[in-house]
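Only one structure is covered here, and it is reproduced in the block below.
Predicted model only: the values in this text are computed from it and were never measured.
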Amino acid sequence: MQRATPQEFSRVLSSMCTEPHPAARAAAEEFLATNPGDPATYETVADLEREAVSTLGEIAGHPEAAGYITSGGTEANLQAMRIARDRGMHGGAAGDPATNGRANIVAPASVHFSFQKAAAVLGLELRTAPLGDEYRADPEVMAELVDSDTVAVVGVAGSTEYGRIDPIPAITDLAREAGVLCHVDAAWGGFHLPFTDHDWQFGHADIDTLTIDPHKLGQAAVPAGGLLARSSSLLNELAIDTPYLESASQASLTGTRSGAGVASAAAAMDELWPDGYREQAERSQANADWLAAAFDERGYDVVEPELPLVAADLPESEFDALREVGWRIARTATGDLRVVCMPHVTRETLRRFVTDLDRVE
Ligand SMILES: *Cc1c(COP(=O)(O)O)cnc(C)c1O
């Protein structure tokens, strides 16, 4: 068998993953063969997971948050919806067979496709509301979709396509009025938002659960997502008895899971929170602003980068020509080119990209 080499990052412009920090890579290798799903046997990695959750809590404005390191944002979102569904059912009306209603989740149209998976797996209906101004959720339109079978209202802090931050306090108000849980998906944006003035985290609004992924802007190795809950009683909705393990219960969806992601997340945050992430956030945002200006000068329609993510309406022929010369780029559902200014995307890389753009124009 020919030895395969991994994709190198120098031309990767539309990925939400990046090269792990060297300390994160080393920790991932070191803990590859540990299993945080069995904390009584693998005690060190279990300690690292507690440390990682505590730092994630600090980043998300709630150092006392409960949580665990998931396989990614998908698992975190699914588990948050599971908590909401089970809370809603214990609480009474939602999805009550007597009223024949199917429990539902209300989210903006910009919500990540992982919620479709969550809804399918959990037997929930996903109701998505058209966006308001500037690609952001409109809480009034969302309110029209809420009814007595609603179990969760979701806001996005750093949307996948345009990097937008929904009005989280208004969305939590909506959840409170409806008496349901409020979940915030900050899978991608969570490691950038602390250095902005947006309201997005536990300290800014009455959020119940939140997704924040170390394996995206946190510069940890894959797989390392994060689920945080305001209280351990909320997280305990997920606890399943574990008869043949020494530990009494397990909240994660996966059983055996690699300690690589957990150790890597702990190492990356130990290295980078807060100063390293702040410097990275400033650098990435400056790169995104530079690229947006470069597109604008060339006459393309650009979506202003609120977070370090630039979308522009390149013609298909130019997009294809850029892919042809090796740029790993992708489009939004409406066909806009989408460049995610991850830590590996340097100004030099963007200059080379714009030079190629000028050649294919
Ligand atoms: C990437 C992303 C997810 C999914 O996370 P995975 O780690 O790919 O499972 C969910 N929500 C948002 C907003 C994302 O950007």
Side-chain angles (χ1 to χ4, degrees), residues 1-32 69-75 112-114 117 158 160-161 163 187-192 213-226 257-265 267-268 271-272 276-277 280-281 283-284 287-288 290-291 305 307-312 314 316 318-333 335-357 359-360:
M1 194 183 88
Q2 204 190 336
R3 209 184 147 153
T5 52
Q7 170 73 45
E8 52 118 14
F9 279 94
S10 66
R11 289 179 165 241
V12 173
L13 292 190
S14 294
S15 176
M16 289 192 147
C17 292
T18 193
E19 269 175 307
H21 185 280
R25 181 184 287 274
E29 283 172 7
E30 204 179 345
F31 282 84
L32 193 60
I69 302 300
T70 65
S71 56
T74 301
E75 180 184 339
H112 186 265
F113 59 77
S114 51
K117 297 183 186 178
T160 316
E161 291 204 316
W188 177 69
F191 281 84
H192 184 97
D213 283 357
H215 71 198
K216 289 183 168 174
L217 285 168
Q219 299 177 46
V222 178
R257 58 194 165 108
S258 174
V262 170
S264 165
E271 258 333 285
L272 296 169
Y277 290 130
Q280 187 53 59
R283 211 163 27 236
S284 296
N287 283 339
W290 181 88
L291 182 65
L307 291 183
L309 194 167
V310 187
L314 258 63
E316 203 168 324
E318 292 175 20
F319 180 89
D320 292 345
L322 287 163
R323 272 200 72 95
E324 200 66 29
V325 297
W327 294 101
R328 305 286 98 198
I329 47 177
R331 275 171 288 203
T332 65
D336 289 343
L337 162 72
R338 175 177 157 277
V339 174
V340 190
C341 294
M342 294 298 288
H344 67 270
V345 177
T346 62
R347 185 67 61 92
E348 194 41 47
T349 300
L350 293 176
R351 284 210 177 89
R352 277 189 279 121
F353 178 70
V354 170
T355 303
D356 281 355
L357 174 64
R359 284 204 192 110
V360 304

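Two residues are said to be in side-chain contact when any heavy atoms from C-beta on lie closer than 4.5 Å; Val345 and Leu350 meet this criterion. For the pair Ser258 and Leu32, the minimum side-chain heavy-atom distance is below 4.5 Å. The shortest side-chain heavy-atom distance between Gln280 and Leu272 does not fall under the 4.5 Å cut-off. Residues Phe319 and Ile329 form a side-chain contact, since some pair of their non-hydrogen atoms from C-beta on lies under 4.5 Å apart. Contact annotation: the side chain of Met16 approaches that of Leu309 to within less than 4.5 Å [non-hydrogen atoms, C-beta and beyond]. A heavy-atom distance below 4.5 Å is not found between the side chains of Gln219 and Glu19. Considering only heavy atoms from C-beta on, Trp188 comes within 4.5 Å of Leu217 through its side chain. Side-chain contact between Thr349 and Asn287 is absent, with no heavy-atom pair separated by less than 4.5 Å.
When atom types are taken as modelled, the side chain of Glu75 and the backbone of Ser71 share a donor-acceptor pair closer than 3.5 angstrom. In this structure, Arg331 contributes its side chain and Glu316 its backbone to no donor-acceptor pair below 3.5 Å. The backbone N or O of Ala221 lies less than 3.5 Å from a partner atom in the side chain of Ser264, making a donor-acceptor pair. For the pair His192 (side chain) and Gly158 (backbone), a donor-acceptor distance under 3.5 Å is absent. Between the side chain of Arg257 and the main chain of Pro223, no donor-acceptor pair closer than 3.5 Å is present.
Nearest heavy-atom pair, Ala28 versus Ala260, reported as atom, atom and distance to 0.1 Å: O-CB, 3.5 Å. In plain terms, the two heavy atoms of Ala265 and Ala224 that are nearest each other are CB-CB, 4.1 Å. Taking all atoms of both residues into account, the shortest heavy-atom contact from Thr74 to Lys117 is CG2-CD, 4.1 Å. Shown here for His344 and Phe9, the closest heavy-atom pair between the two residues is CD2-O, 3.3 Å. What you find for Ala288 and Val310 is that their closest heavy atoms are O-CG2, 3.4 Å. Across Leu307 and Gly163, no two heavy atoms sit closer than the pair CG-O, 3.5 Å.
To the nearest 0.5 Å, atom SG of residue Cys17 and atom CD of residue Gln7 are 12.0 Å apart. Distance check, rounded to the nearest 0.5 Å: CG of Leu322 to CG of Leu337 gives 7.5 Å. Taking OG of Ser284 as the start and CE of Met342 as the end, the distance is 8.0 Å to the nearest 0.5 Å.
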Intermediate values then yes/no, side chain to side chain contact (heavy atoms under 4.5 Å, CB included), Leu357 and Leu314: CA-CA 10 Å; Leu357 174 64; Leu314 258 63; 3.9 Å; yes
Working note: Asp336 + Glu161, criterion side chain to side chain contact (heavy atoms under 4.5 Å, CB included); need CA distance, chi angles, decisive distance, verdict. CA-CA 9 Å; Asp336 289 343; Glu161 291 204 316; over 6 Å; no
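Under 3.5 Å, the side chains of Ser10 and Glu8 contain a donor-acceptor pair of N or O atoms.
Among Ile69, Val222, Thr70, the one residue that satisfies the side chain to side chain contact (heavy atoms under 4.5 Å, CB included) test with His215 is Val222.
Remark: Arg283 engages no residue in a salt bridge (Lys or Arg N to Asp or Glu O under 4.0 Å) (not counting sequence neighbours).
The aromatic rings of Phe353 and Trp327 sit perpendicular, their planes meeting at an angle over 60°, well past the 30° parallel limit.
In the displayed structure, Arg25 atom CZ is contacted under 6.0 Å by at most 12 heavy atoms of other residues, nucleotides or ligands. Within a 6.0 Å sphere centred on CD of Glu324, other residues, nucleotides and ligands contribute 12 heavy atoms or fewer.
In summary, Arg359 and Asp356 engage in a salt bridge, as defined by a charged side-chain N under 4.0 Å from a carboxylate O.
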